[in-house]
Amino acid sequence: MINTRALLHPFKNIPFFAAFAMTLLLALISLVFAEQASAHGYIEFPQSRSYKCNLTTNVNCGAIQFAPHDLEGIKGFPAAGPADGQIAGAGRNLYNALNEQSATRWDKVTLNGGQNTFKWNIIISHAATDWKYYITKKNWDSNQPLKRSDLELFCTYTAGGARPSQKVSHTCDVPTDRSGYHVILGTWDVHDTNSAYYQVIDVNLINDGSGPQLPSIPGNITTIVQTLNSITLNWSASHASAGISYYEVFRNGALVGSPAQSTFVDTGLQAGTSYTYTIKAVDNSANKSTSSSPVTFTTNNGGGTIAPAWSAAQVYLGGNKVSYNGANYEAQWWTRGETPGTAVVWKKIS
């Protein structure tokens, strides 16, 4: 049946349709803003530049004071992303105030070099590709706009599309070879969009030595095998924060080998001759340890019968003979792991 009242009064329904349309529009706007907010976040510890603006520790920040989480830019830094000079503001004109850069413009967080934890506050969880952390180089100019060439990567966490929780923490080793005012940049690449979030932290970096940790000195240098023309060296492995790359072995002050492990066979020697050795450790950053204490060993002289080399793992009975450090010894009774020349169980016979 035809509604004649509606036909006679068609404009009476306009308020209803207008209200419905407005409700639908508001719902769509809310959905869009919810989606945009779903990937927002900021570094709350150590307090980032934008978060300090929100706390009013930093002043004259502009609009970012009310939205420290909103530094959304193009992902893929440093190949893509905000232009040089616009990194702190994520390339958004609305937040240009964050790009102001001088040695005194921003409040700084005191940070010790070495292991530190960076904590993000995520407004609503969103899939992540990775999280990366960069720091300004030793010679950067803090009175010039921040550029890509000022920064170097020091920490990466790969997420592979995982959706983070509201609080995200990453533990990284902040470089220990620089001190003073530096900027740390944290980036969060969103997995399923072309967006990334940028956060800079102004830090007063403290490193007691203002330099790298040198490798530990090689120690306990011994030899259990000597021939007429060679001496086999063994020593305790060194340690360094950058990892050990290789060792330098010096004979009578001259470099004779660069082994990767803590053992070395020195060949081409003269029979019955004493040689003095020192060793340095070299880490993966090319830092070298101090030289070890010098030790002197002698090749065999070719006279008489050469006893088998002593082994700490082998059991010896009374009367068994071994060679160690260029001398022959005879066991007086059962023994294992006791060093000839120091333990009374071994009698020196030549």
Side-chain angles (χ1 to χ4, degrees), residues 28-102 104-109 118-136 140-151 153 159 164 166 168 170 182-203:
L28 290 173
I29 291 173
S30 298
L31 180 62
V32 169
F33 277 103
E35 178 62 25
Q36 288 180 341
S38 67
H40 290 173
Y42 62 92
I43 297 177
E44 63 181 357
F45 184 85
Q47 292 172 352
S48 68
R49 185 179 295 183
S50 66
Y51 186 40
K52 278 181 173 283
C53 287
N54 177 253
L55 298 173
T56 68
T57 309
N58 284 328
V59 296
N60 300 322
C61 299
I64 197 65
Q65 176 183 347
F66 308 103
H69 54 272
D70 195 36
L71 290 169
E72 178 183 7
I74 302 300
K75 71 180 181 182
F77 189 88
D84 287 348
Q86 300 178 19
I87 297 170
R92 298 182 63 181
N93 292 334
L94 180 62
Y95 303 130
N96 267 342
L98 286 180
N99 296 319
E100 297 172 8
Q101 182 61 54
S102 75
T104 58
R105 173 65 176 91
W106 304 105
D107 189 72
K108 301 169 184 64
V109 177
F118 297 86
K119 299 179 180 179
W120 289 72
N121 185 11
I122 309 302
I123 303 305
I124 299 177
S125 180
H126 197 77
T129 298
D130 57 37
W131 315 74
K132 293 181 179 178
Y133 298 87
Y134 304 79
I135 190 170
T136 45
W140 84 294
D141 187 346
S142 61
N143 291 307
Q144 296 295 323
L146 187 63
K147 308 182 297 297
R148 282 167 170 69
S149 59
D150 293 327
L151 296 162
L153 181 69
Q166 183 181 358
V168 175
H170 300 127
H182 283 274
V183 170
I184 292 175
L185 168 67
T187 65
W188 164 26
D189 278 10
V190 179
H191 191 66
D192 48 6
T193 75
N194 197 38
S195 295
Y197 288 83
Y198 294 82
Q199 291 281 296
V200 297
I201 310 168
D202 301 281
V203 301

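Ring orientation note: the planes of Trp188 and Tyr197 are tilted relative to one another, at an angle of 30° to 60°.
Judged as a side-chain contact (heavy atoms from CB on, under 4.5 Å), and not counting sequence neighbours, the contacts of Ala159 are Ala128, Trp131. Evaluation of the side-chain hydrogen bond (donor to acceptor under 3.5 Å, both in side chains) rule for Thr187 yields no partner, not counting sequence neighbours. Listed by chain and residue number, nothing satisfies the side-chain hydrogen bond (donor to acceptor under 3.5 Å, both in side chains) test with Asp130 (two or more places apart in sequence, or in another chain). For Ser102, the side-chain contact (heavy atoms from CB on, under 4.5 Å) test picks out Thr104, Arg105, Asn143, with sequence neighbours left out. In this structure, the side-chain hydrogen bond (donor to acceptor under 3.5 Å, both in side chains) partners of Trp120, at least two apart in sequence or on a different chain, are Tyr133. Residues meeting the salt bridge (Lys or Arg N to Asp or Glu O under 4.0 Å) test with Asp150, sequence neighbours left out: Lys147. For Lys119, there are no side-chain hydrogen bond (donor to acceptor under 3.5 Å, both in side chains) partners at least two apart in sequence or on another chain.
Within the 4.5 Å cutoff, side-chain heavy atoms of Leu153 are placed close to those of Lys132. Residues Leu151 and Pro78 have side chains not in contact (no heavy-atom distance under 4.5 Å, counting atoms from C-beta outward). Under the 4.5 Å side-chain criterion, counting only non-hydrogen atoms from C-beta, Asn194 is in contact with Ile74.
A donor-acceptor pair under 3.5 Å is formed between the side chain of Thr136 and the backbone N or O of Val183.
Taking every heavy atom of both residues into account, Glu72 and Ser195 meet most closely at OE2-OG, 2.6 Å. Heavy atoms only, all atoms of each residue included: Ala97 and Trp106 are closest at O-CZ2, 3.4 Å.
Identified under the side chain to side chain donor-acceptor pair (under 3.5 Å) test for residues 81-92, with sequence neighbours left out: Asp70-Arg92, Asp84-Arg148. Listed by first then second residue, pairs satisfying ring pair (Phe, Tyr, Trp, His ring centres under 6.0 Å) with a partner in residues 41-61 read Tyr42-Tyr51, not counting sequence neighbours.
In this structure, CD on Gln199 lies 10.5 Å from CD on Glu44, to the nearest 0.5 angstrom. In this structure, the separation between NZ on Lys108 and NZ on Lys52 is 10.0 Å, given to the nearest 0.5 Å. Within the model, atoms CD1 of Ile201 and CD1 of Ile43 stand 4.0 Å from one another, a figure rounded to the nearest 0.5 Å. Atoms CG and CD, on Asp202 and Gln101 in that order, are 6.5 Å from each other to the nearest 0.5 Å. A distance of 12.5 Å separates CD1 of Ile87 from CG of Leu98, quoted to the nearest 0.5 Å. To the nearest 0.5 angstrom, His40 atom NE2 is 9.0 Å from Ile123 atom CD1.
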Donor-acceptor pairs under 3.5 Å, side chain of residues 53-68 to any protein atom, not counting sequence neighbours: which ones?
unit_1: Asn54; atom_1: ND2; unit_2: Gln65; atom_2: O; d: 2.9
unit_1: Asn58; atom_1: OD1; unit_2: Asp107; atom_2: N; d: 2.9
unit_1: Asn58; atom_1: ND2; unit_2: Arg49; atom_2: O; d: 3.2

